[in-house]
**Student:** 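I'd like to ask you about the structure that follows.
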Amino acid sequence: MLGKKLVTAQKRGETRALCLGLGMVACSMMMYFFIGITIVPFYTKSVWTTETVCKVLKANIKDKVFCPNSKGSEDEEIFPYPCLQVWVNLTASGQEVMLYQTEDTLERNPKCSYVPDKLENSKEVKARIETIASNFKKYQTFPCYYDPGGTQTNVILSRLYPAKGLLFAFLWPTLMFTGGCLIIVLVKISQYVSVLSAWQ
């Protein structure tokens with residue numbers, strides 16, 4: 001009687017462990033799919049792939065401009081802000097080009113190097129842009145990214161999704177997938193050993 005209860009408890013534990021392993025594998029596959037349709041396209045579409053050194057030539061703050069309407073945005077998202085324009089000397093080619101913060105900055109407003117998030121306090125936006133401009137004037141040389149193919153003559157300060165960020169995004173689903181597969185393998189080995197013991 002006690003043996004039957006132990007066998008039943010063992011089978012329940014194996015079933016739960018198997019369900020946990022399958023659940024982890026399923027969740028990891030969903031995470032792979034989500035990353036594949038969101039982050040990977042932005043990474044592959046970016047042409048600013050080569051890192052080089054940029055030297056600041058001038059950093060000027062123009063009059064206030066309005067954040068242009070991007071696709072799917074509403075009119076209430078348009079707000080005025082000082083336009084910071086940073087021109088740098090590209091070490092790789094020696095050209096004078098305009099610097100943008102990220103790929104998204106160029107799409108939102110190609111006239112400005114930095115596009116702030118919408119803030120209610122305009123003084124805070126102005127102070128932030130002035131701080132960024134002073135930092136560019138203080139640190140004259142810094143790493144930047146350019147398009148080696150020449151389709152984009154401008155450069156960006158940082159990529160939205162660098163290679164390290166993409167690898168980090170794939171790290172967690174990979175660990176979950178590996179853990180789920182390991183649990184399933186251990187359960188199958190346990191079942192095999194139990195059947196072998198009972199047969200002997």
Side-chain angles (χ1 to χ4, degrees), residues 31 34-73 77-175:
M31 292 174 68
F34 180 76
I35 294 172
I37 63 174
T38 54
I39 299 179
V40 174
F42 285 104
Y43 176 79
T44 55
K45 287 179 182 178
S46 178
V47 295
W48 295 271
T49 55
T50 305
E51 185 175 350
T52 186
V53 177
C54 289
K55 185 177 180 180
V56 176
L57 297 175
K58 52 185 176 180
N60 301 324
I61 298 178
K62 301 289 185 179
D63 295 333
K64 286 188 175 181
V65 297
F66 285 89
C67 182
N69 238 350
S70 57
K71 294 181 180 179
S73 61
E77 293 183 359
I78 303 177
F79 62 99
Y81 59 91
C83 182
L84 172 64
Q85 291 184 346
V86 180
W87 292 87
V88 297
N89 183 12
L90 187 60
T91 305
S93 61
Q95 295 178 333
E96 180 180 341
V97 296
M98 189 168 178
L99 175 73
Y100 295 94
Q101 184 185 13
T102 61
E103 300 95 330
D104 185 58
T105 306
L106 180 61
E107 293 183 1
R108 293 177 64 185
N109 191 351
K111 295 181 180 179
C112 303
S113 298
Y114 173 76
V115 177
D117 296 328
K118 184 177 180 181
L119 298 174
E120 298 297 333
N121 191 350
S122 59
K123 292 182 179 179
E124 185 177 349
V125 174
K126 183 179 179 181
R128 179 181 296 180
I129 292 176
E130 289 177 351
T131 302
I132 294 173
S134 63
N135 287 336
F136 276 119
K137 293 176 182 178
K138 183 178 180 181
Y139 304 101
Q140 292 285 317
T141 306
F142 50 87
C144 58
Y145 295 89
Y146 75 100
D147 174 20
T151 55
Q152 291 287 346
T153 56
N154 42 57
V155 295
I156 61 174
L157 181 62
S158 59
R159 300 183 65 183
L160 281 174
Y161 300 103
K164 291 182 179 179
L166 190 65
L167 291 175
F168 185 77
F170 278 107
L171 175 63
W172 296 110
T174 302
L175 291 176

**Student:** Between I156 and L99, which heavy-atom pair has the shortest distance, and what is it?
**Tutor:**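 Residues I156 and L99, closest heavy atoms: C-CD1, 3.7 Å.
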**Student:** Quick one: pull up CD in E96 and NZ in K58 and give me the separation to the nearest 0.5 Å.
**Tutor:**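 Reported to 0.5 Å precision, the distance equals 5.5 Å.
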**Student:** Any chance you could measure Y161, atom OH, to T38, atom OG1, to the nearest 0.5 Å?
**Tutor:**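 Answer for the OH-OG1 pair, Y161 versus T38, is 6.5 Å.
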**Student:** Could you pull out all residues at least two apart from I132 that satisfy side-chain contact (heavy atoms from CB on, under 4.5 Å)?
**Tutor:**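 L84, Y114, R128, F136.
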**Student:** Under 3.5 Å, is there a donor-acceptor pair between the side chain of S46 and the main chain of Y43?
**Tutor:**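 No, S46 side chain to Y43 backbone: no donor-acceptor pair under 3.5 Å.
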**Student:** Side-chain contact test, heavy atoms from C-beta onward, threshold under 4.5 Å: evaluate it for W87 versus S113 and give yes or no.
**Tutor:** no
**Student:** To the nearest 0.5 Å, tell me how far T49 OG1 sits from D147 CG.
**Tutor:** 6.5 Å
**Student:** Taking all non-hydrogen atoms of both residues into account, name the closest pair between V53 and C144 and its distance.
**Tutor:** C-SG, 4.1 Å
**Student:** If you take all heavy atoms of A133 and A59, which pair is closest and at what distance?
**Tutor:**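 So the minimum-distance heavy-atom pair works out to O-CB, 4.4 Å.
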**Student:** Specify the closest pair of heavy atoms between Y81 and P116, including all atoms of both residues, with the distance to one decimal.
**Tutor:** CD1-CD, 3.5 Å
**Student:** Show your reasoning for whether side chain to side chain contact (heavy atoms under 4.5 Å, CB included) applies to C83 and I61.
**Tutor:** CA-CA 5 Å; C83 182; I61 298 178; over 6 Å; no
**Student:** Does atom CZ of F42 have more than 12 heavy-atom neighbours from other groups under 6.0 Å away?
**Tutor:** no
**Student:** Examine distances only and state if a side-chain atom of W48 and a backbone atom of N154 form a donor-acceptor pair shorter than 3.5 Å.
**Tutor:**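 Pair found, side chain donor or acceptor close to backbone of N154.
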**Student:** State, to 0.1 Å, how close S158 and E103 come at their nearest heavy-atom pair, and which atoms those are.
**Tutor:**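 Nearest pair, atom of S158 first, then E103: O-OE1, 4.1 Å.
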**Student:** Which atom names give the shortest non-hydrogen contact between K111 and M98, and what distance separates them?
**Tutor:**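 Scanning both residues completely, I find the closest heavy atoms to be O-CE, 3.1 Å.
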**Student:** Kindly compute the distance separating CG (L171) from CG (L167), expressed to the nearest 0.5 Å.
**Tutor:** 9.0 Å
**Student:** Atom SG in C112, atom CD in Q85: separation rounded to 0.5 Å?
**Tutor:** 6.0 Å
**Student:** How many angstroms lie between CD in Q140 and CG in N89, if you round to the nearest 0.5 Å?
**Tutor:**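 One finds 11.5 Å between CD of Q140 and CG of N89.
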**Student:** Please enumerate all residues that pass side chain to side chain donor-acceptor pair (under 3.5 Å) together with T174, with sequence neighbours excluded.
**Tutor:**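 With neighbours one apart ignored, the set is Y32.
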